[in-house]
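Okay, structure first, notes after.
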There are 2 protein chains.
Amino acid sequence: MSSDTRDTLIGAAQELYAESGVAATTPRQVLQRSGVGQGSLYHHFPSKRELAIAAVERTVSTALAAAEADLHGEADPRSRLAAYLQRPRDAIRGCRIGRLTSDPFVMADATLRDDVAGYFRRLLDEVGAVFREQGLSDGDARDRATAAVAIIQGGYVLSRAAQDPDAMRSAVRGFLGLLGER
Amino acid sequence: MSSDTRDTLIGAAQELYAESGVAATTPRQVLQRSGVGQGSLYHHFPSKRELAIAAVERTVSTALAAAEADLHGEADPRSRLAAYLQRPRDAIRGCRIGRLTSDPFVMADATLRDDVAGYFRRLLDEVGAVFREQGLSDGDARDRATAAVAIIQGGYVLSRAAQDPDAMRSAVRGFLGLLGER
DNA sequence: GTCTATATCTCGATAGAC
DNA sequence: GTCTATCGAGATATAGAC
């Protein structure tokens with residue numbers, strides 16, 4: 001099936017982007033990782049840009065679905081929030097999407113930039129809705145949701161800097177400690 | 001003086017690294033930004049790597065000094081913490097140091113990686129000391145300091161994604177709101 | 001110490017056979 | 001749809017005059 005090779009290329013690109021970002025990932029690396037022949041990439045995608053768009057948009061969809069699985073559901077708001085913040089993460093690897101905010105290839109392209117912006121906009125809306133369930137005003141819920149997402153993004157940065165997954169856990173503990181006592 | 005040209009090159013590299021990172025910054029760009037002739041770079045630095053080390057280490061020193069200026073001093077601990085968290089930042093530009101945790105050139109080099117790790121280690125120690133002044137246990141102070149630094153790093157990511165400096169302010173408001181009510 | 005010229009490599013992309 | 005071969009551009013680095 002034609003979409004097999006295409007999907008394989010997208011999957012390899014997603015892996016490599018998580019390791020090195022988009023700008024630093026070459027078409028040749030994608031071909032080697034995927035085991036697909038050289039000409040095939042430019043048969044399925046007109047350029048590196050279109051492959052990047054397909055791979056980033058798939059990563060964004062998957063990440064949003066995972067967040068919604070934690071944040072929606074039957075449990076009380078406090079538990080859903082804790083589930084989102086404490087979900088197992090490969091913290092040393094860094095955030096596949098957050099890291100793209102420093103990627104020159106992504107930030108130079110309006111479509112890719114909007115994909116990243118849209119991910120965080122929707123994530124902040126979801127987290128904010130949970131805080132509003134707890135009776136917070138729109139503004140306070142927004143600020144607290146932004147803080148919660150920043151804890152995760154900052155946790156990734158600190159874990160990656162220290163090469164230690166405990167930095168993420170420490171940041172989440174610090175934040176949940178402040179939340180939990182009220 | 002011989003260090004003039006060298007300093008000019010380091011300053012140009014610091015600017016470019018803040019805009020595009022180390023991996024994506026070419027020696028040619030550094031020369032153009034600095035106004036220095038082509039051969040001069042390789043007279044003052046054996047390779048791109050040594051220039052990067054000099055520029056990153058200078059950026060780290062400056063950033064640590066700025067943090068210490070906020071966190072030390074006569075004011076009460078709560079005010080010093082707020083001063084650090086609320087200091088005016090060019091949030092859309094992103095963190096000059098935090099972004100390096102996603103930079104392939106930096107992360108592939110042990111010296112540069114250690115420079116970045118050392119920055120966050122020392123920053124976390126400084127912020128943690130302020131929380132300990134407030135009577136928190138070592139562990140709780142550590143967790144709260146990690147959360148505070150994660151708020152700033154995450155605030156940078158969110159501001160950059162949205163191209164909106166208010167994301168940083170919102171994250172800090174959300175965090176200080178939780179801190180302030182106790 | 002600084003200049004121009006250039007070597008060598010890899011990148012993103014294309015050509016054209018099969 | 002996939003292959004090998006290769007192009008033009010730009011990256012890092014060096015040579016050698018001044």
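Order of the sequence lines sets the chain letters (A, B, ...), proteins ahead of strands, with each chain counted from 1.
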Original post:
In degrees rounded to 10°, what angle is found between the helical axes fit to the five outermost pairs at each end of the helix from dG1(C)-dC18(D) to dC18(C)-dG1(D)?
Top reply: 10°
**OP:** Go through dT2(C), dA11(D), dC11(C) for me and flag the one nearest to the Pro27(B) side chain.
**Re:** dA11(D)
Original post:
Between dA13(C) atom P and His44(A) atom NE2, what is the distance in whole Å?
Top reply: 16 Å
Original post:
Lys48(A) NZ to dT10(C) C1': how many Å, rounded?
Top reply: 12 Å
**OP:** Send over the distance from Arg49(B) CZ to dT12(D) P, rounded to a whole Å.
**Re:** 15 Å
Original post:
Within less than 4.0 Å of OP1 or OP2 of dT12(D), is there a side-chain N or O belonging to Ser47(B)?
Top reply: no
Original post:
Heavy atoms under 4.0 Å, any strand shown: does Gly39(A) hit a base, just sugar-phosphate, or nothing?
Top reply: base
**OP:** Any chance you could measure Leu16(A), atom CG, to Thr26(A), atom OG1, to the nearest 0.5 Å?
**Re:** 8.0 Å
Original post:
What is the distance from atom CD of Glu15(A) to atom CZ of Arg33(A), rounded to the nearest 0.5 Å?
Top reply: 5.0 Å
**OP:** Give a yes or no on whether a salt bridge exists between Asp164(A) and Arg169(A), defined as a side-chain N under 4.0 angstrom from a carboxylate O.
**Re:** no
Solution key, residues 110-123 of chain A side-chain donor-acceptor pairs under 3.5 Å, sequence neighbours excluded:
{"unit_1": "Thr111(A)", "atom_1": "OG1", "unit_2": "Arg49(A)", "atom_2": "NH2", "d": "3.2"}
{"unit_1": "Arg113(A)", "atom_1": "NH1", "unit_2": "Met107(A)", "atom_2": "O", "d": "2.7"}

Original post:
For the pair made of CG in Leu31(B) and C1' in dT12(D), what is the distance, rounded to whole Å?
Top reply: 11 Å
Original post:
Does His43(B) put a side-chain nitrogen or oxygen below 4.0 Å from OP1 or OP2 of dC3(C)?
Top reply: no
**OP:** Applying side chain to side chain donor-acceptor pair (under 3.5 Å), run through Thr146(B) and Asp143(B) and close with a yes or a no.
**Re:** CA-CA 5 Å; Thr146(B) 309; Asp143(B) 288 348; 5.4 Å; no
**OP:** Grab the CD-C1' distance between Gln38(A) and dT4(D) for me, whole Å please.
**Re:** 7 Å
Original post:
Can you check the Leu41(A) CG to dT4(D) P distance for me, whole Å?
Top reply: 15 Å
Subject >> Any Tyr42(A) side-chain N or O less than 4.0 Å from OP1/OP2 of dA13(C) >> reply: yes
Subject >> Interatomic distance, Thr5(B) atom OG1 to His43(B) atom NE2 [nearest 0.5 angstrom] >> reply: 8.5 Å
Side-chain atoms of residues 93-100 of chain A: list all donor-acceptor pairs with protein atoms under 3.5 Å, sequence neighbours left out, distances to 0.1 Å.
{"unit_1": "Arg99(A)", "atom_1": "NH1", "unit_2": "Ala18(A)", "atom_2": "O", "d": "3.2"}
{"unit_1": "Arg99(A)", "atom_1": "NH1", "unit_2": "Glu19(A)", "atom_2": "O", "d": "3.3"}
{"unit_1": "Arg99(A)", "atom_1": "NH2", "unit_2": "Ser102(B)", "atom_2": "O", "d": "2.8"}

Subject >> Atom pair distance, as rounded to whole Å: CD in Gln32(A) and P in dT4(D) >> reply: 13 Å
Original post:
Between Thr5(B) and dG1(C), does any side-chain N or O lie under 4.0 Å from OP1 or OP2?
Top reply: no
**OP:** For Arg28(A) and for Thr26(B), find the nucleotide of DNA chain D with the closest heavy atom, then tell me which residue's nucleotide is more 5'.
**Re:** Arg28(A)
